[in-house]
Amino acid sequence: MSESILIEAGHLSKFYGSFRAIEDVSFQIRRGEVVAFLGPNGAGKSTTMKILTGFLPPSSGRAFIAGFNMERERLQGAQKLGYLPENGPLYPDMTPRESLAFFGRARGISGRLLRGRIQRVVDICNLKSVLDKPIGKLSRGYRRRVGMAQALLHEPEALILDEPTAGLDPNQIHDIRNTIRELSATKTILLSTHVLQEVEAMAQRILFIAEGKLCFDGSVDKFLQGANSLEEKFRSLSKISK
């Protein structure tokens, strides 16, 4: 695989008995790209992302992060990847400072390097004002920022973000969107979202999945061809009637 390709899905399928979650999904994401992963609920987005991150094995096909096979070389691939799941693992009794220190040590980072990394992600994610408050007492927006900081702590080259603004209010969405936009200057990002304004604001390219199959891969402009809006095209590809 070319060194310019950071994320690759190669003919991925996942079946649960006779149920098809995804089937024959293939795409490549190159360094520096910001790609929006769209589709209706239950279409297979989260399944694909979990396979790409190594959390779920495929029934067939292969997933690669920076050239590492995420079934056989998950630890090596994880060093190159930051993952923010929709409901990320946070410990409510810990403070953000304690949580970041814990996850940093779990990744083998310590001492001055860990302190510097924590300071950097605190600045990126704007966590200074809540750094020593229990995570369980933080707003959902701040908890998403803590999850983002954890995903960035080891300075990954690629980010996979699953619904990073789900359940947030407009101010929180604005803050998270600005953070992602700033990260896009140096990171390759695959972003799953239902907020179509985020696609127009940040993404260069769209992947669209429906009923477990990839049915579009191209630029935002190409996605809009023949439609008056992203919403109209979304409904058309989803087979959702007005």
Side-chain angles (χ1 to χ4, degrees), residues 1-15 20-56 58-70 77 80-86 157-165 180-181 183-184 187-240:
M1 185 173 66
S2 169
E3 291 184 2
S4 67
I5 298 170
L6 272 188
I7 301 173
E8 180 174 8
H11 303 285
L12 293 178
S13 295
K14 183 66 178 180
F15 293 89
R20 178 192 69 198
I22 61 171
E23 185 175 6
D24 198 30
V25 172
S26 295
F27 56 82
Q28 296 178 333
I29 301 176
R30 298 183 178 276
R31 291 183 185 275
E33 283 192 290
V34 180
V35 178
F37 196 22
L38 305 182
N41 288 334
K45 299 188 303 297
S46 291
T47 297
T48 304
M49 288 179 145
K50 287 176 181 177
I51 292 173
L52 287 171
T53 56
F55 282 83
L56 189 67
S59 300
S60 62
R62 295 184 295 176
F64 297 92
I65 299 294
F68 294 106
N69 185 312
M70 294 304 285
K80 305 290 186 180
L81 175 68
Y83 176 40
L84 179 65
E86 186 173 358
E157 297 177 47
L159 291 173
I160 292 181
L161 311 176
D162 193 357
E163 299 290 350
T165 59
I180 294 171
R181 188 180 291 111
L183 290 170
S184 70
K187 308 290 183 187
T188 297
I189 299 176
L190 177 61
L191 169 71
S192 170
T193 181
H194 281 106
V195 184
L196 298 183
Q197 294 91 335
E198 292 175 0
V199 177
E200 292 183 292
M202 293 182 290
Q204 304 152 353
R205 177 176 155 209
I206 291 174
L207 301 170
F208 196 99
I209 191 170
E211 298 181 354
K213 293 188 175 183
L214 194 68
C215 55
F216 180 86
D217 179 356
S219 69
V220 176
D221 288 343
K222 186 176 179 181
F223 186 80
L224 279 167
Q225 288 178 3
N228 294 317
S229 66
L230 287 173
E231 289 84 356
E232 181 181 309
K233 192 59 173 282
F234 188 103
R235 289 194 297 269
S236 173
L237 290 177
S238 303
K239 299 180 181 179
I240 297 175

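- With hydrogens and angles ignored, the 3.5 Å screen pairs no side-chain donor or acceptor of E8 with any backbone N or O of Q28.
- Side-chain contact check for E211 versus E23: every heavy-atom pair is 4.5 Å or farther apart.
- The main-chain N or O of R181 is found under 3.5 Å from a side-chain atom of S184 such that the two form a donor-acceptor pair.
- In this structure, CD on E33 lies 6.0 Å from CD on Q204, to the nearest 0.5 angstrom.
- Taking all atoms of both residues into account, the shortest heavy-atom contact from Y83 to K50 is OH-CG, 3.9 Å.
- Heavy atoms from other residues, nucleotides or ligands lying under 6.0 Å from CZ of R31 number more than 12.
- Between G44 and I22, the shortest heavy-atom distance links the atoms O-CG2, 3.5 Å.
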Fill in: Steps toward side chain to side chain contact (heavy atoms under 4.5 Å, CB included) verdict (F234, V199)
CA-CA 12 Å; F234 188 103; V199 177; over 6 Å; no

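- Listed here is the closest heavy atom pair of I51 and A63: O-CB, 3.7 Å.
- Closest of all the heavy-atom pairs between S13 and D24 is OG-N, 2.8 Å.
- Annotation: the span from I7 atom CD1 to L81 atom CG amounts to 7.0 Å, rounded to 0.5 Å.
- Side-chain contact between K14 and P58: absent, with no pair of heavy atoms (C-beta onward) separated by less than 4.5 Å.
- K80 is not listed as a side-chain neighbour of L6, based on a closest heavy-atom distance of 4.5 Å or more.
- Remark: the backbone N or O of S229 is not paired with any side-chain donor or acceptor of E232 at under 3.5 angstrom.
- The shortest heavy-atom contact between I206 and F216 is O-CD2, 3.5 Å.
- Pairing each heavy atom of P40 with each of K45, the nearest pair is O-NZ, 3.4 Å.
- Side chain of T193 to backbone of E163: no donor-acceptor contact under 3.5 angstrom is found.
- Atoms CG and CG, on L38 and L230 in that order, are 8.0 Å from each other to the nearest 0.5 Å.
- In this structure, CG on L237 lies 12.0 Å from CD1 on I209, to the nearest 0.5 angstrom.
- Here D217 contributes atom CG and I29 contributes atom CD1; the two are 8.5 Å apart, rounded to the nearest 0.5 Å.
- Expressed to the nearest 0.5 Å, how far CG of D162 lies from CG of L190 amounts to 9.0 Å.
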